[in-house]
Structure formats: structure tokens, C-alpha cells
Amino acid sequence: MEFLPKEVLEGLRAAQKRDAAKKARLRVLAGGQIWPVLRRVPGGFALDADEVSHLRGHVDLYDGPKHVATCLIVASEIQGNELICTVKRETPVSDRAALDFAQEGPTLSGYLTKI
């Protein structure tokens, strides 16, 4: 790689970054803007520092079109070309309301008809 011109190296790095963003299924939605998650890190996730330089507060996490979780970002710092976001709370999103009582016994899954 040392023998390649500087412009070619920058072009290769930009192409790798675009490819990684396309492959990333996880996305962060905050303030009407969407950013791809480059990778998950312990206690948070990494975003492209060229696209966003600072992020705090409540954000929504999507896996493709599916809303996966809501997160509370308490800190973010730039390390290399990545913005590392530290998450205090990540709450999974459910497709139904939480129950306010304990269910007893098995639930019916369907009725059998008489022949």
C-alpha cells in the first residue's frame, strides 16, 4: 500500500467507509436525522465521526425498518474516525403494551371445532 499515491489511498478508504455504511443494518435516529451504526461496543455503539461529531440524549435504534430500542446517550467522544457513544439505558421496544398483572395458567392459542 505504501507505493500507491495519496489520492488513491484516500479513495480506497472512502470506498471502504461507504461499503461499511451500506452493510450496516443498525441505524440511529435522532432529531430527524439517521446515521448508520458502524459497530457495537461494550456499553454503546460507534458512528462515523465525519457524519456526526457530537450526540447526546434520547435516540431510537433501528435494525433495518424494525424499531429495536430507545437509548439514552450520556457521553460521546471521537476516537480515530469513529464517534463512540456511551449508552446509559437501552430499552427494547415491544409490539404490545406491558401487562400490569401476572398471568396465571396457560393461555388459549385457538379453539378446536367439532367434526
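- Through chains of ILVMFWY side-chain contacts below 4.5 Å, L29 is grouped with I34, Y62.
- L47 is not connected to V41 by any chain of hydrophobic side-chain contacts under 4.5 Å among Ile, Leu, Val, Met, Phe, Trp and Tyr, and they are in different clusters.
- Here the side chains of V28 and L61 are in contact, with some heavy-atom distance below 4.5 Å.
- Taking NE2 of H67 as the start and OG of S94 as the end, the distance is 12.0 Å to the nearest 0.5 Å.
- Taking 4.5 Å as the limit, some side-chain heavy atom of P36 sits within range of a side-chain heavy atom of E51.
- Summarising the geometry of A49 relative to I78, their closest heavy-atom pair is CB-CG2, 4.1 Å, with the distance given to 0.1 Å.
- Scanning for side chain to side chain contact (heavy atoms under 4.5 Å, CB included) contacts around Q79 gives E77, I84, with sequence neighbours left out.
- In terms of modelled atom types and a separation under 3.5 Å, the side chain of S76 and the main chain of L55 share a donor-acceptor contact.
- Interatomic distance, F45 CZ to E90 CD, rounded to the nearest 0.5 Å: 7.5 Å.
- A heavy-atom distance below 4.5 Å is found between the side chains of R89 and T70.
- The shortest distance between side-chain heavy atoms of R56 and L72 does not fall below 4.5 Å.
- With a 4.5 Å cut-off on side-chain heavy atoms, V59 and I73 count as touching.
- In this structure, L38 and E82 have side chains that are in contact, with non-hydrogen atoms separated by less than 4.5 Å.
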